[in-house]
Each structure stands twice: as structure tokens, then as C-alpha cells.
Amino acid sequence: MKTIRLLPHRYKTIGWIILIPSVIIGAIALTGVAASSNMSINGHTFAFISGGILEDNAYFSVIRTDLLATILGVLVTTGSLLVAFSREKQEDEYIASLRLSSFQWAVLVSYTILLLCFLTIFGLPFLTAMAFNMFTVILLFIIRFNYLLYKSKHSDYEK
Amino acid sequence: MKNNIRVERAILEMTQEQLAEKAGVSRQTIHAIEKGKYVPSAILALKIARIFKKPVEQIFSLEEHDS
């Protein structure tokens with residue numbers, strides 16, 4: 001079965017180190033609990049497209065904006081990709097089949113959640129839900145795949 | 001599909017771990033095959049049969065519902 005080549009196993013650990021703190025901070029920042037609505041990292045960056053509620057869109061210009069979402073988004077995405085696309089210590093055909101079924105499961109569950117969001121969340125909170133939903137496919141895959149691996153490693157085994 | 005891997009292992013007093021190592025796969029794979037949770041590829045089936053020095057049909061056989 002031809003699939004994408006995976007990164008060496010050590011990238012999985014690097015991925016976890018990036019992913020776990022970023023996901024926690026990201027979830028806190030997104031839901032705005034505690035004082036996190038005051039968290040912001042202002043700076044200049046080059047934007048292909050930018051704009052605001054009261055201003056027209058600007059194209060291909062340097063702007064000054066809150067980069068917290070940008071940084072967290074990049075970290076969570078990179079971390080999850082590293083975790084999801086790194087080899088296990090021993091990759092074989094069975095583990096490859098677990099990977100494939102985990103991806104199918106994650107896509108299905110993620111879009112089911114999306115459907116529920118459309119039917120039950122409205123207005124500005126819907127945008128927050130969509131921000132979470134951007135990551136549910138890859139995060140669900142990571143959870144499902146590692147769960148299946150854990151289950152198969154620790155199932156009753158015979159000598 | 002059913003298989004006699006566990007029987008053949010017992011005859012040679014081989015553990016799942018040892019068989020896995022000889023076949024170049026993880027122990028989980030052998031365990032999953034024995035439990036009927038995973039159908040091995042043709043290559044892996046042939047490797048396992050070769051380890052047991054038996055023809056592949058003596059280790060693996062089709063069942064009714066495999067149609």
C-alpha cells in the first residue's frame with residue numbers, strides 16, 4: 001500500500017513538546033476564560049490579505065496586529081502534524097492499517113461534530129466553535145490512533 | 001479467514017515475540033492476526049508459512065463468509 005513517507009520516530013516527541021502546551025494555551029485563549037482575553041502579542045507582519053470590521057481590506061502590506069492567534073495556530077498545526085506523521089518505533093502493515101482506519105474515523109467524527117455545530121451554535125460563538133473545529137480532524141486522529149496502539153500493546157497477550 | 005499460527009508456534013515452542021521478530025513485524029501484528037483482528041498481506045502470510053516450513057494453505061484458509 002503506497003502512502004506518504006513518515007518522519008523519523010524522534011519527531012513525534014518533538015511534536016508532543018510543541019503541541020501539548022500550545023493546545024492548552026490555545027484553548028484557554030480561545031474560550032477567553034480568566035484573564036486570557038487580555039492576552040495579546042502585538043507586532044508587525046506581512047499580510048497577503050488583512051482587514052477589520054471598520055476598515056477595508058488591504059492586500060500585500062505590512063500591518064500591525066495581535067499575533068497571538070497566529071503564533072498559537074502555527075504551533076498547534078505544526079505540533080499536530082509532527083505527531084501525526086511520525087513513524088512509530090516499529091512501523092509495519094498492521095500499524096499502517098490502524099493509521100488508515102484512524103484517519104477515516106477522525107474525518108467522520110469531525111464532520112459529525114461540524115454538523116452538530118451548524119445545528120446548535122449561532123452567532124459569534126459559532127466562530128469560536130469553527131476555530132476549534134479547524135483542528136478536530138488531526139487531533140481526533142492523534143487521539144484515536146494512539147488509543148488503538150495502546151489497546152493493541154496492552155491486550156491480553158500470550159507467550 | 002482462519003489460521004493455525006498459534007498451533008504451529010506451540011509445535012516449535014515459539015513465542016509471539018520470536019515469530020514477530022523472524023517475520024520482521026511487531027508482536028502486536030502477530031497477536032492481531034492470531035485473534036482474527038487483522039488479515040496479513042500476501043507477503044507476510046508467505047513469510048510466516050516459510051518460517052513454519054509449511055505451505056501457506058496449511059497455515060491460512062478461507063472461511064465461508066470470505067466468499
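Convention: sequence-line order gives letters A, B, ...; per-chain numbering from 1.
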*More than 12 heavy atoms of other groups within 6.0 Å of A/F48 CZ*: no
*Check the surroundings of atom CZ in A/F46: do more than 12 heavy atoms from other residues, nucleotides or ligands lie under 6.0 Å from it?*
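Yes.
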Please report the interatomic distance [atom1]([X]) to [atom2]([Y]), rounded to the nearest 0.5 Å.
X	Y	atom1	atom2	value
A/Y94	B/I33	OH	CD1	9.5 Å
B/R27	A/S152	CZ	OG	7.5 Å
A/Q90	B/Q28	CD	CD	8.0 Å
B/S26	A/K89	OG	NZ	13.0 Å
A/D92	B/Y38	CG	OH	7.5 Å

Please determine whether residues [X] and [Y] belong to a single hydrophobic cluster, defined as Ile, Leu, Val, Met, Phe, Trp and Tyr linked transitively by side-chain heavy-atom distances below 4.5 Å.
X	Y	result
A/Y147	A/I138	yes
A/I113	A/F145	no
A/V137	A/F141	no

*Donor on one side chain, acceptor on other, A/E93 and B/S41, under 3.5 Å*: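 Looking only at side-chain atoms, B/S41 and A/E93 do form a donor-acceptor pair, the distance falling under 3.5 Å.
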